[in-house]
Amino acid sequence: MNKKDNLSGQQAVTILGSTGSIGVSTLDVIARHPERYVVWAITAHSQVDRLYQQCIIHKPRYAVMVDPQAANALTQRIQKAGLDTVVKAGLEGLKEVASMKEVGTVMAAIVGAAGLEPTLEAVKAGKRVLLANKEPLVMCGHIFIEQAEKSGAVLLPIDSEHNAIFQCMPPGYHAGAKHSGIRKILLTGSGGPFRQRDPSTMTDITPDQACAHPNWSMGRKISVDSATLMNKGLELIEACWLFNVMPDKVQIIIHPQSIIHSMVEYLDGSVLAQLGNPDMRTPIAHALAWPDRIESGVEALDLFQVAQLDFEQPDFGRFPCLALCYRAAEAGGTLPAILNAANEVAVQSFLDGQISFLDISRVIEHVMNSMKHNEASSLQAVLDDDAMARKTAMEFVQSRLRVINRA
Ligand code: NAD
Ligand code: MG
């Protein structure tokens, strides 16, 4: 049965990673449109309190906790409160709520490679998939595009830049399709909190400083990625898959105000841009309702207040992660998955106080130089190299810790 029939015209939405920054913004937009959407399932890794609060407010049919102990704790609280929500656990629970027949839309908002399997499950089940979780696309974008073509799933980008590019694409465009008439994609980025910081003080950067983004409020992993510009590099790879272009067709432009979210340059000289305040509820509302338009709760853009829009070349010397991303994008195969895995380990080690900010790119470069990458011929081939890259990165972090401890 179609969920629309089942729920008197509403679309049933599963939100993978509902307790995170994107998840919370998604629930905010959905709650503004009870006549259009119903929250079918919400999920989190282990934040029992937050998921419980979301169950009380949004009354989903299902709630999934990846951690089994957290799932037990949530079940007890749900029963005590007399809610009807069914609690499920583990990766299997995530995959189940991503593909249930009643579900029309899946918001993929888990952070990192952990989102790969449940998101792919939603794609295989032919859902409308709202892709915030960029790391799986970086790892194996071709598998997502192929599976979407097979199942009829609709992939809609949530990353603000990719959502902007999608909005500037020709009418009828869909993810992964070939297109003509386009000269370049202009991928904008704010440059992060350290765009102008004295390079000699970069070693002293603390996790809290790295997470204090000037324009966007986001989870800690993507905030660190924005500070190293790894995020822009991952977005380059993401754009290549979503818009079927080679890396040399994507130009990165630093735009500190984060008002233009990206642009598309056409052969006739036209450049189309999408503008808005930096608030993820705009791309979320766009993709939820596409091709309709709905209220998102985002304040109207006041161009007189913005007054000025600046553009700069990215600084590859200050931000070595960018060049590593171009290298991975051009090499293809499993190298983007290796880069992503090494970055996930490096960022966590930095957030845990084990390595310095400048060590992040060193870990990634070490892993990329010491591993031979392979064809990304299957999901298993990608996952094998992801696992090897994590092991190599952890060993490198440990070796640096030993050096620091001896000093
Ligand atoms: P976040 O850290 O705020 O939230 C992550 C969510 O994933 C949480 O609900 C958490 O419980 C869940 N999670 C964490 N580890 C998990 C695991 N191992 N298994 C299952 N669930 C797990 O992250 P975020 O900032 O909301 O970002 C989510 C994704 O969206 C990332 O891939 C990020 O790159 C992308 N994105 C975020 C923004 C933004 O503004 N926050 C913008 C563009 C893209
Ligand atoms: Mg982005």
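One-based numbering, in listed order, for ligands and for the atoms of each.
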Which is closest to [atom] in terms of heavy atoms, [options]?
atom                    : options                      : value
atom 31 (C) of ligand 1 : Ile110, Asp67, Val64         : Ile110
atom 27 (O) of ligand 1 : Asn231, Ile22, Asn163, Ile15 : Ile22
atom 35 (C) of ligand 1 : Gly112, Ala132, Gly219       : Ala132

Please list the nearest protein heavy atom to [atom] with its residue and the distance rounded to 0.1 Å.
atom                    : answer
atom 34 (O) of ligand 1 : Lys134 CE, 3.2 Å
atom 13 (N) of ligand 1 : His45 CB, 3.8 Å
atom 5 (C) of ligand 1  : Val111 CG1, 3.7 Å
atom 36 (N) of ligand 1 : Ile222 CD1, 3.6 Å
atom 43 (C) of ligand 1 : Asp159 OD1, 3.0 Å
atom 4 (O) of ligand 1  : Gly20 CA, 3.1 Å

Looking only at distances, can you tell me whether any N or O atom of [X], backbone or side chain, sits closer than 3.5 Å to an N or O atom of ligand 1?
X      : result
Thr19  : yes
Ser21  : yes
Ser46  : no
Glu135 : yes
Asn133 : yes

Discussion item. Ring centroids only, cut at 6.0 angstrom: are Phe357 and Phe194 within range, meaning strictly under it?
Written reply: yes
Discussion item. For the aromatic rings, using the six-membered ring if either is Trp, is the centroid distance between His261 and Trp216 under 6.0 Å?
Written reply: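 They qualify: ring centres under 6.0 Å apart.
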Practice prompt. Kindly determine whether Trp40 and Ile15 satisfy side chain to side chain contact (heavy atoms under 4.5 Å, CB included), including the steps that lead there.
Written response: CA-CA 8 Å; Trp40 183 261; Ile15 303 160; over 6 Å; no
Worksheet entry | Residue Asp159 atom name (nearest to the Mg ion (ligand 2); N/O/S) |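 This turns out to be OD1.
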Worksheet item: Around atom CD of Glu299, are there more than 12 heavy atoms of other residues, nucleotides or ligands at under 6.0 Å?
Response: no
Worksheet item: How about Glu395: does its CD atom have over 12 heavy atoms from other parts shown lying under 6.0 Å from it?
Response: yes
Worksheet entry | Passing candidate, side-chain hydrogen bond (donor to acceptor under 3.5 Å, both in side chains) with Thr19, options Gln53, His45, Gln47, Arg50 | Gln47
Worksheet entry | Under-4.0 Å salt bridge between Arg36 and Asp292 | yes
Worksheet entry | Salt-bridge contact Glu161-Lys232 (side-chain N to carboxylate O under 4.0 Å) |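 Between Lys232 and Glu161 there is a salt bridge, with a charged N closer than 4.0 Å to a carboxylate O.
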With atoms numbered from 1 as shown, which atoms in ligand 1 lie under 4.0 angstrom from a non-hydrogen atom of [X]?
X      : answer
Gln47  : 10 (C), 11 (O)
Ala109 : 5 (C), 6 (C), 7 (O), 28 (C)
Ala44  : 11 (O)
Val66  : 19 (N), 20 (C)
Ala114 : 17 (C), 18 (N), 19 (N)

Do [X] and [Y] meet the criterion of a side-chain donor-acceptor pair at a distance under 3.5 Å?
X      : Y      : answer
Asp384 : Gln380 : yes
Gln11  : Thr105 : yes
His213 : Ser190 : yes

Worksheet entry | Whether Tyr326 and Phe316 hold their rings parallel, tilted or perpendicular, with breakpoints at 30° and 60° |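 Tilted: the ring planes of Tyr326 and Phe316 meet at 30° to 60°.
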Item to complete: Kindly indicate, with the supporting measurements, whether the criterion side-chain hydrogen bond (donor to acceptor under 3.5 Å, both in side chains) is fulfilled by Thr334 and Asp385.
Response: CA-CA 7 Å; Thr334 58; Asp385 278 2; 2.6 Å; yes
Item to complete: To the nearest 10 degrees, calculate the angle at the Mg ion (ligand 2) involving OE2 of Glu235 and OE1 of Glu161.
Response: 100°
Worksheet item: Quick one: does Gly23 get a heavy atom under 4.0 Å from ligand 1?
Response: no
Worksheet entry | ligand 1 contact by Met280, heavy-atom criterion under 4.0 angstrom |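 Met280 counts as a contact of ligand 1 under the 4.0 Å cut-off.
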Practice prompt. Pick out which of Asp352, Asp225, Asp208 makes a salt bridge (Lys or Arg N to Asp or Glu O under 4.0 Å) with Arg220.
Written response: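 Of Asp352, Asp225, Asp208, salt bridge (Lys or Arg N to Asp or Glu O under 4.0 Å) with Arg220 is met by Asp208 alone.
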